[in-house]
Amino acid sequence: MNNRQIAEIFESIADLSEMKGQQRYTIVAYQKVARTIGQWPVELEQMVHDKEDLKEIPGVGDAIAKKIEQLVTTGKMESYEKLRAEFPDGMLNVIRVPGVGPKTAKQLWDNLGVSTVEQLGEAARDGSLAAVPRMGEKKAGAIVRALESRRVSDGQAPIAVAMPAADRAVAALREICPSIRKLEIAGNLRRYEETTERIDLICVASDPSEVVEALTEMANVAEVVGGGGTRASVILSDGVQLDLRLVKDHQFGALFQYFTGNEQHNGLLREHAQNMGLSLSEYGITNTSTNESAQFEDEASLYERLGLQFIPPELREGNREVDAAKEGLIPRLVETGDLKGDLHVHTDWSDGVASMVEMVEAAQSKGYEYVAITDHSSGRGIANGLTEERLRQHGAMLGRIQENTPGITLLHGSEVDIRANGTIDYPDEVLQELDWVVASVHSAMDQDSTVMTERIVRAMRNPHVHAIGHLSTRLIGERKLISADFEAIFEAAAQTGTVLEINASPERLDLKDSHVSMARELGVVLAIDSDAHRVETLGNQRYGVGVARRGWCEPRHILNTLPLADFMSFLRMDKSERSVLVAAHV
DNA sequence: GCCGTTTTCGGCCCGACTGTTTTCAGTCG
């Protein structure tokens, strides 16, 4: 049972407890611990197995620790089973319908016997719901609409869709509306979460109605959901919802912070404020004894007033960032501008669409000092993978381009297949001629965990393999991660000196954020690679940087922040010593 | 149910919106 599943059980316990009318703070305790567990980097199952103290987890005390141990060791939690037996199974789904919470669900069950989402829909339509105390026609209508819109989309847009859509909207509004002074993307998109429910924009403008109007009339708006005054909500043609809020200059800092979230981070910040005798809200900070209030034009001054280091959005997850900021321990995270090269790039020699010259020129114009051209190996027949003969021609061609392109160092590379048994589909004699070898899994992705782990570790032991590409092979929203013992893989990567790629393609983001954290802590050298197949996607590095930042990576954790000379000495090092150089580079 | 530079007891994050109410409960972010 993984952490996500355990977290869901505690969420359910919170909901059921609320229906039962338990103490409010008991419920809050369960809700809090559910969120913490959902993001906890180490599997609780593993912790119990290793006899680690679960009470190290914030929000876990004696009672919850016992419940977790029982759940993990026996597969069942007695108190949860008992609680669940008190209500029909479908009730938990009823609670998940927007606008319906535990209290409403309980009341509808008591009064109407509603215990499933279907019955809820019926009761809302046939008028019986409206007759229940504290319910009414409008409430019924809202539930009907919620159920319908849920059918249309159970709406998580991948960042690959949402971020470009947000960028386009921002650019369009800025062009149409001269009165805009500030316009920023907020919400989880700003935190570079991999999927989002909607795009949040926060705007300061001298003429708010101009901006609201411009948004609702924008060409790619499919539907206007709400709006007027200082806010608007639309559905874009690609199905993503976009909410725009207009605020005053002096409100911007607190509101931008508030709407960036996440909820847990904001909660921690408010607790911290309270300990200082202050009350924080989306409108500013009030001194609870003097009643004096302060407002903020930007986020930095708000964090400063709270005695905290500025916390970059990517770290605002409600984990340890507020404590770290108190101590001044927020690191200087890696930035796009730190990248000195790209180590995973395709051309039309395999499945890319641009020529080698075009990709090299594009890399150079990004200011890179080096770039590895890594077309596919022969195993990728479908991707026009290179035979050994074509690989030699590929290298010769790159050499000729190098002669005419003195400003950037070109590395002859390859993205080689890791075969099902862990061997590489070029022989060692060929691999050792290459400057840079990225090995990736592209086939037999459904192997069981033990086989897959051994397969990848075997590839990492190959002395000519520099890096592993998109380790988990997932495609966000489409294909799951491989099953493997990732911790064992990270340990082997550190031990063998194999670089792990953070594939920046927004469809992949692989390693994902929590894996980046774990790998970094285990001393793995990471690289941020675009895996570009066309000129424009070289710019995808921003997504990889976002993931790296979510994993608390500094420049020193990322290989391709090294300047050319240091990078070349990294390549000359014995593989087993490679972890050292990047860690030492600050 | 958790937790401690006020506390082993007594607190525990804030505000808007909606729909139902004549002052507020529930839900959401």
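Reminder, nothing fancy here: chain letters follow the sequence lines and each chain counts from 1. Atoms considered below: every heavy atom in the structure, side chains included; atoms not considered: hydrogens, waters and symmetry mates. On a predicted model such as this, the values are computed, not experimentally measured, just so you know.
Taking atom P on both B:dT21 and B:dG26, the two are 13 Å apart, rounded to the nearest angstrom. Taking atom C1' in both B:dG11 and B:dT6, one finds a spacing of 11 Å when rounded to whole Å. The separation of B:dT8 from B:dC3, taken at their C1' atoms, amounts to 9 Å, rounded to a whole angstrom. Rounded to whole Å, the separation between the C1' atoms of B:dC2 and B:dT7 comes to 14 Å. B:dT23 and B:dT18 have their C1' atoms separated by 15 Å, with the value rounded to a whole Å. Taking atom C1' on both nucleotides, B:dC13 is separated from B:dG29 by 13 Å, rounded to a whole Å. A distance of about 16 Å separates the P atoms of B:dC28 and B:dT20, rounded to the whole Å.
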Which pairs would a plain distance check flag for residues 270-277 of chain A, meaning a side-chain donor or acceptor within less than 3.5 Å of a matching protein atom at least two apart in sequence or in another chain?
| residue | atom | partner | partner atom | Å |
| --- | --- | --- | --- | --- |
| A:R270 | NE | A:L280 | O | 3.3 |
| A:R270 | NH2 | A:E282 | OE1 | 3.3 |
| A:E271 | OE2 | A:K32 | NZ | 3.0 |
| A:H272 | NE2 | A:L306 | O | 2.7 |

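Atoms CD (A:Q22) and C1' (B:dC2) sit 15 Å apart, rounded to a whole Å. Between A:R145 atom CZ and B:dT18 atom P the separation is 11 Å, expressed in whole Å. Taking atom NZ of residue A:K103 and atom P of nucleotide B:dG19, one finds them 19 Å apart after rounding to whole Å. B:dC28 atom C1' lies 15 Å from atom CD1 of A:I95, rounded to whole Å. Straight-line distance from the CG atom of A:D243 to the P atom of B:dC28: 16 Å, rounded to whole Å. If you take CZ of A:R24 and P of B:dC2, they are 17 Å apart, rounded to a whole angstrom. As a whole-Å value, the separation of A:R231 CZ from B:dC28 C1' is 12 Å. Between the CD1 atom of A:I143 and the P atom of B:dG19 there is a distance of 11 Å, given to the nearest Å.
Under the side chain to side chain contact (heavy atoms under 4.5 Å, CB included) criterion, A:S209 pairs with A:D207, sequence neighbours left out.
Using a 4.0 Å cut-off between charged side-chain N and carboxylate O, A:E8 and A:R4 make a salt bridge. Residues A:K106 and A:D15 are not paired through a salt bridge, judged by the lack of any N-O separation under 4.0 Å between the basic side chain and the carboxylate. Using a cut-off of 4.0 Å between Lys/Arg side-chain N and Asp/Glu carboxylate O, A:D62 and A:K66 are scored as not salt-bridged.
A cation-pi arrangement is absent between A:R181 and A:F252, since the terminal nitrogen or guanidinium carbon is not both under 6.0 Å from the aromatic centre and inside a 45° cone about the axis.
Figure legend. B:dG11 is base-paired to B:dC2; pairs are counted as Watson-Crick or G-U wobble with both atom distances under 3.5 Å.
Judged by distance alone, with hydrogens and angles left aside, the side-chain atoms of A:E317 form no donor-acceptor pair with the main-chain N or O of A:E314 at under 3.5 Å. Judged by distance alone, the side chain of A:S128 and the main-chain N or O of A:A124 form no donor-acceptor pair under 3.5 Å.
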Exercise for the section: Could you run through nucleotides 3-15 of chain B and give me one letter per nucleotide, 5' to 3': B if any protein heavy atom sits under 4.0 Å from the base, S if only the sugar-phosphate is that close, - if neither? Expected result: S--------BBBS
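When the nucleotides B:dG1, B:dG29, B:dT27 are ranked by their closest atom to the side chain of A:I64, B:dG1 comes out on top.
Against DNA chain B, the stretch residues 126-141 of chain A makes heavy-atom approaches under 4.0 Å through A:R134, A:M135, A:G136, A:E137, A:K138, A:K139.
Among residues at least two apart or in separate chains, side chain to side chain donor-acceptor pair (under 3.5 Å) pairs with a member in residues 68-77 of chain A are A:Q70-A:E78. Sorted by first then second residue, the ring pair (Phe, Tyr, Trp, His ring centres under 6.0 Å) pairs that include residues 30-68 of chain A, not counting sequence neighbours, number zero.
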